[in-house]
Amino acid sequence: MRKVSFLAVALVVVYLLAAPLALGQGGNPPSTKESGQTSGKGMTTVEQTGKSVEQQKAPARRYINLPNRAVQAPFSDGVLVGDTLYVAGRIGIDPKTGKPAEDLEQEIKILLDGIRSTLQEAGMTMDDLVSVQVFCPDVSLYDKFNSAYRGYFGKEYPARAFVGSGPLLRGAHFEMLGIAVKR
């Protein structure tokens, strides 16, 4: 049996005790207390061992559901989180028939008017859109869609993807969703 020096054993013990602390895995976390003071931007000041640290609160959500939806489905027309609105996918459903409009231009108009109504309900305009995705099973309709789409914006357009898709719900020719940020 070999003799192990006292110093070697002490070093091993110190290593085993110190390693978890160095890796942030041991010891007691510093205590925190909330002061209740806010910084004016949804922030609450937290004191941590004498230091001030900002903790951000999650912004409130507002669910937007337009009253005249042709189809009642299990989703909201939009969700407003802070200054950002997430607009649900929308198709050009004729409210009288519950089906896409017979006329392609009318279907596009219903779709874009629905997006605009959702934005208006959140206090925004089409120019607040920053990103849009358009799904279309027939990409040969790209130019037809763009003709109507251009009329809904000022001089600048949101980032956009026009995606060739498989069939859309109810036989629609287009579905559009987007993200808007209030200016």
Minimum heavy-atom separation for Pro137 to Ala172, with atom names? CG-O, 4.0 Å
Over-ring placement of Arg160 relative to Tyr149, 6.0 Å and 45° cut-offs: yes
Calculate, to the nearest 0.5 Å, the distance between atoms NZ and CD belonging to Lys144 and Glu105 respectively. 4.0 Å
Euclidean distance, Ser165 OG relative to Glu175 CD, rounded to 0.5 Å: 8.0 Å
Heavy-atom side-chain proximity of Val134 to Val132 below 4.5 angstrom: yes
Looking at Ile115, Leu177, Ile64, Ile179, which one forms a side chain to side chain contact (heavy atoms under 4.5 Å, CB included) with Val87? Ile115
Common cluster, Val163/Leu168, ILVMFWY with side-chain heavy-atom separation under 4.5 Å: yes
Salt bridge check: are Lys182 and Asp128 linked by an N-O gap of less than 4.0 Å? no
So CD1 of Ile110 and OG of Ser117: to nearest 0.5 Å the spacing works out to 11.5 Å
Lys109 NZ to Leu104 CG distance, which is reported to the nearest 0.5 Å: 14.5 Å
Where Pro158 and Ser131 come nearest, the two heavy atoms and their spacing: CB-N, 3.8 Å
Could you check Arg116, Arg90, Arg62 and say which one makes a salt bridge (Lys or Arg N to Asp or Glu O under 4.0 Å) with Asp77? Arg90
Tell me the closest heavy-atom pair linking Ile93 and Gly98, and the distance in Å. CG2-C, 3.5 Å
Side chain Glu107, main chain His173, donor-acceptor under 3.5 Å: yes
Quick check for you: to the nearest 0.5 Å, what is the distance between Met126 atom CE and Tyr152 atom OH? 7.5 Å
Going through the checks in order, is the side chain to side chain contact (heavy atoms under 4.5 Å, CB included) test met by Asp127 and Leu129? CA-CA 5 Å; Asp127 291 324; Leu129 283 166; over 6 Å; no
Looking only at heavy atoms, what is the nearest atom pair of Ile91 and Leu169, with distance? CD1-O, 3.6 Å
Taking the side chain as every heavy atom from C-beta outward, state whether Asp94 and Lys99 have any pair of such atoms under 4.5 Å apart. no
For Ile108 and Ala148, work out which heavy atoms get closest and say how close. CG2-CB, 3.5 Å
Which of these passes ring-ring contact (aromatic ring centres under 6.0 Å, His included) with Phe162: Tyr142, Phe135, Tyr157? Tyr142
With ring centroids as reference points, do Phe174 and Phe145 lie under 6.0 angstrom apart? yes
Thr84 (side chain) donor-acceptor with Leu80 (main chain) under 3.5 angstrom: no
When you group the ILVMFWY residues by side-chain heavy-atom contacts below 4.5 Å and let the links chain together, are Tyr63 and Val81 in the same group? yes
Met176 versus Leu112: any side-chain heavy-atom pair under 4.5 Å? yes
Locate the shortest heavy-atom distance separating Leu85 from Ala122; write the atom from each residue and the value. CD2-CB, 3.8 Å
